[in-house]
Amino acid sequence: MPELDKTYTPAEVEARWYQRWLDDKCFEADPARVSATRPAYSIVIPPPNVTGVLHMGHVLNNTIQDILSRRARMLGKEVLWLPGTDHAGIATQNVVEKTLKKQGAIKHRDDLGREKLVEKIWEWKEKHGDIIIDQLKKMGCSCDWSRQRFTFDDDYNACVMRVFVDLYKKGLIYRGKRMVNWCPSSLTALSDEEVIPTAQSGFMYYFKVQVVEQPDTWLTIATTRPETIPGDTAVAVNPKDERYAHLIGKHIRRPLPLENQASIPIVGDDHVDFEFGTGVLKVTPAHDKADFEIGQRHKLEVIDVLHPNAILNDLAGKDLAGLDRFEGRKKAVELLKEMEVLVKEEPHQNNVGFSERAGVPIEPRLSEQWFLKYPSVKESQDVVANGEMKFHPDRWAKTYDHWLTGIQDWCISRQVWWGHRIPVWYKKGSDRSALSDGTVHCGTEPPSDPENWEQDPDVLDTWFSSWLWPFATMGWTGDKAKDAANPTLRAFYPTTDLVTGPDIIFFWVARMIMAGFEWMGELPFKNVYFTGIIRDKQGRKMSKSLGNSPDPLDLISRYSADALRFGIMRSAPLGQDIRYDEQNVELGRNFCTKLWNAARFRQMQGGETETEISATLLSSDDKWILLRLNTAIAEVTAALEDYRFSDATSTLYRFFWSEYCDWYIEASKATLQGTDDKRKANTLAVIDFVLSNTLRLFHPFMPFITEELWHGMAFNADLPADQGGNSIMVAKWPKPLDADELAHFGILPEDEKTANDKYEAVNLGRNLKSTFNINKRVRFVLKPAQELPTHEIEVLRILLNAEPLDVDAAFAPTQGTPSALTPLGTLFLPLDGLIDVEAERARIGKEVAKVESELEKVTAKLADEKFTSKVPQKVLDEHQQRKTDWQEKLAKLKEMISALG
RNA sequence: GCGCGGAUAGCUCAGUGGUAGAGCGGCUCGCUUACACCGAGUUGGUCGGGGGUUCGAAUCCCUCUCCGCGCACCA
């Protein structure tokens, strides 16, 4: 056995093993190896932004995927964890544009033009694209890097084009002039999902307008956006509103712009809520979704008073033109004041939609966009509703179902340049509003006479490429015969698990399911695990602007990747948000150190790795730890099968730290420090057995240190290469000893009690020592309740740190000797009158009080006829037994007090 | 407004009808030949409030309060 270093050096170990795993192609999936006895297991990574950097959310998400993948390998499956990145259209273009502007290279993207800018973005991608991938590698992620994909790869691009053309031909993609969410910063349309409603404190402005036909009548209108008054083309009231109904059909004078105070109609529309504001609504069809609909119903004029970048245009009038929308608001209020029509302004809370990527308020805007009527909606809804696809936690199924029920068409076009260009060409000189077969071309290839055509300038929403991820990454071609012969698709689609955040359930998960059905005829994954959101200690979401997100790479360098992984998994209960606390990572590091030292301890006992355990030589402690190991294996296995990762880590922690290290190893020192070589070798065999199982149980969580120790302890030595000889990654996942094996070792369930009783006696003895402030080795005397083997006495002595431990059935303590009732008998701490009798009396008195109170409770219950007559026999027996136990204990405690004198 | 989570020890969380738990922290001891990134001991709770069902409720029902999230509305 090679000797382990005194201290663990994770940085060196982690780098070395990761390279070795890569060299040995340990992560590479081979569809040819899939068989009935070697089933496939697959996950596709939620592709991070190609120019992004790793954050804690990635750590959580990818640790889980790695745990699932690594365990699947240990279960003997052929595993494909398929990695890659996405091009994140708007975000990436924003970053590059901003950088170029900062460098002074451009003022506006038009200065460079489409081709040049896209070139610059590619340069950026080449430079930054591998950062996040390298970071995932630092975490230990066991992805098949040979299959790494990017949403802009040629093959992938072809999939996107094919899908667009297919949907277009099916009539599901159409072009329409509609109100969309417009981002004035990125100058593009956004889908509803990319708009985040955000509470804003603003003002509600009340202003009055004159009814043209009745100059004495004034109406008061409430608005939050006075700058859009020049775009008003009507005011609306509810026809059922008695205050105003008689005015329908008349007109009011629009106050702005000053040079064009047009007369606009008063219309009746049910949309108006007469409880809200004044019950009179100004209608701006160009700048509000609801207003646009009112406008449609009443055939109102549409006046767009904003430039695309939200600067007011000439139609807003000379006072407002050229102002930004927010400055324009102030100016409009001033003008209303000057005209003396501003009635009041009140602070007002409302929700304003913000662009998810650019962080600015979006502007509802009428524009020509491409829309998609979602395909395969019913299948997608059913597959989750009927439980064929499982969500964990399953409450997300309800959210998913709700969204699909009220689903709206998806605006898929974006007015940026970094993205998949829409494969539609228009015949030059043709009228785009009246397209026909001859004037529009939609195809994966340009028209044969490209000089006569112009391609649509728009690109597709990034999610329009991401929704194909589960099969486009596997080489899907859309050709039935080819795809049927594609070994990767055949073996690994549908994938097994998807791990993602619930915030992208609509953006991504739902759409992937639809795409799966539409083009593969099948669901894309069988289980979806939704992680929680990582929050800081105060419960705030982690964000760049708050600066409360730690850098995972920094954590790795300070604590190791294993520590980070273990720490984050320990604090991530199923379905709940995670309070991140660096202490958990520190605890992960401590755990690694403990593991390292426990392995070193084993090595220091010498001897080769022992494999044969002799049933006849097993001590009660050996049997106990084997039973505890069985429980731990069963618990961890069950927890992982239910995606309860933090439960799994709790079990690992409890088993290893408290059961194995604190009790078993300490107890086995009786043997290891003894002179019986046969027993010693047998205990070492038990230790090796337990450690080799422990390392395997830990491996999915802490891949590096477990691999290092697997080899360091030579547990790989006698194993075939593909079963752990080469790497712990493919060692067999532990199984509890079955009934036959337990019988072979002569282990009975009640063996657990034998050791437990002993440990309880130890606890009580230690407690005695600390009560009397004894911190040296001292003499204990046990007056045994039954005969004890010498080995057990030696274990007791070591655990009690007693010198000596006398066993004396006839022990007659001097008055005042502290003692404790233990399952093994009465344990005395003879201090030869050195103790404070009063302190001891107080100590036992406290215990008496507790026992008396418990006894009182149970006695009262048993005296209550309502209780005894209604309760099941089993519960009654339990209570009876409890009463007897407390009574006995009380009697003995009283004896102890009287023995004090 | 509708829906979904959550409220248990100082902190993070287990605990779905039968004697309230764990880890961390705090405090007190201790460098006993694996480990001070450690060991031993100890201290912490009328289980958010109120009502109900029950012999018995942290647990089931009703109701209220507070925190978080989603959807709708948002003039």
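If you're wondering where the values come from, they're calculated on a predicted model, not measured in any experiment.
- Both A:Ser658 and A:Ser646 lie near RNA chain B, and the one whose nearest nucleotide falls closer to the 5' end is A:Ser646.
- A:Tyr653 carries A:Arg570 over the face of its six-membered ring, with the cationic atom under 6.0 Å from the centre and within 45° of the normal.
- Here the P atom of nucleotide B:G68 and the CZ atom of A:Phe530 are 23 Å apart, to the nearest Å.
- Between B:G44 and B:A36, the two C1' atoms lie 25 Å apart (nearest whole Å).
- Nearer the 5' end of RNA chain B, as judged by each residue's closest nucleotide, is the contact made by A:Trp886, out of A:Trp886 and A:Asp273.
- With distances taken from any side-chain atom of A:Asn597 to the nucleotides B:A20, B:C35, B:G18, the minimum falls on B:C35.
- Here the two rings, on A:Tyr664 and A:Phe656, have centers that are 6.0 Å apart or farther.
- Evaluation of atom-type donor-acceptor distances gives a pair under 3.5 Å for the side chain of A:Arg589 against the base of B:C37.
- In terms of phosphate contacts, A:Arg395 brings no side-chain nitrogen or oxygen within less than 4.0 Å of OP1 or OP2 of B:G5.
- In this model, no side-chain donor or acceptor of A:Lys398 finds a partner on the base of B:C4 within 3.5 Å.
- The partner of B:C38 is B:G30, by the rule that a Watson-Crick or G-U pair needs both atom distances under 3.5 Å.
- Nucleotides B:G10 and B:U16 place their C1' atoms 27 Å apart, quoted to the nearest Å.
- The separation of B:A57 from B:U19, taken at their C1' atoms, amounts to 15 Å, rounded to a whole angstrom.
- Taking atom C1' on both B:A7 and B:G50, the two are 16 Å apart, rounded to the nearest angstrom.
- At a threshold of 4.0 angstrom between heavy atoms, the contacts of A:Asn767 are confined to the sugar-phosphate backbone, with no base atom among them.
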Could you list the donor-acceptor pairs under 3.5 angstrom formed by side chains in residues 347-354 of chain A, with sequence neighbours left out?
| residue | atom | partner | partner atom | Å |
| --- | --- | --- | --- | --- |
| A:Gln349 | NE2 | A:Ser201 | OG | 3.0 |
| A:Asn351 | OD1 | A:Ala199 | N | 3.4 |

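- Nucleotides B:C38 and B:U32 are separated by 12 Å at their C1' atoms, to the nearest Å.
- A glycosidic torsion no more than 90° from 0 defines the syn conformation, and B:G44 adopts it.
- Donor-acceptor pairing under 3.5 Å, judged by distance alone, is absent between the side chain of A:Gln605 and the base of B:A34.
- A 3.5 Å limit on both hydrogen-bonding distances identifies B:C69 as the Watson-Crick or G-U partner of B:G3.
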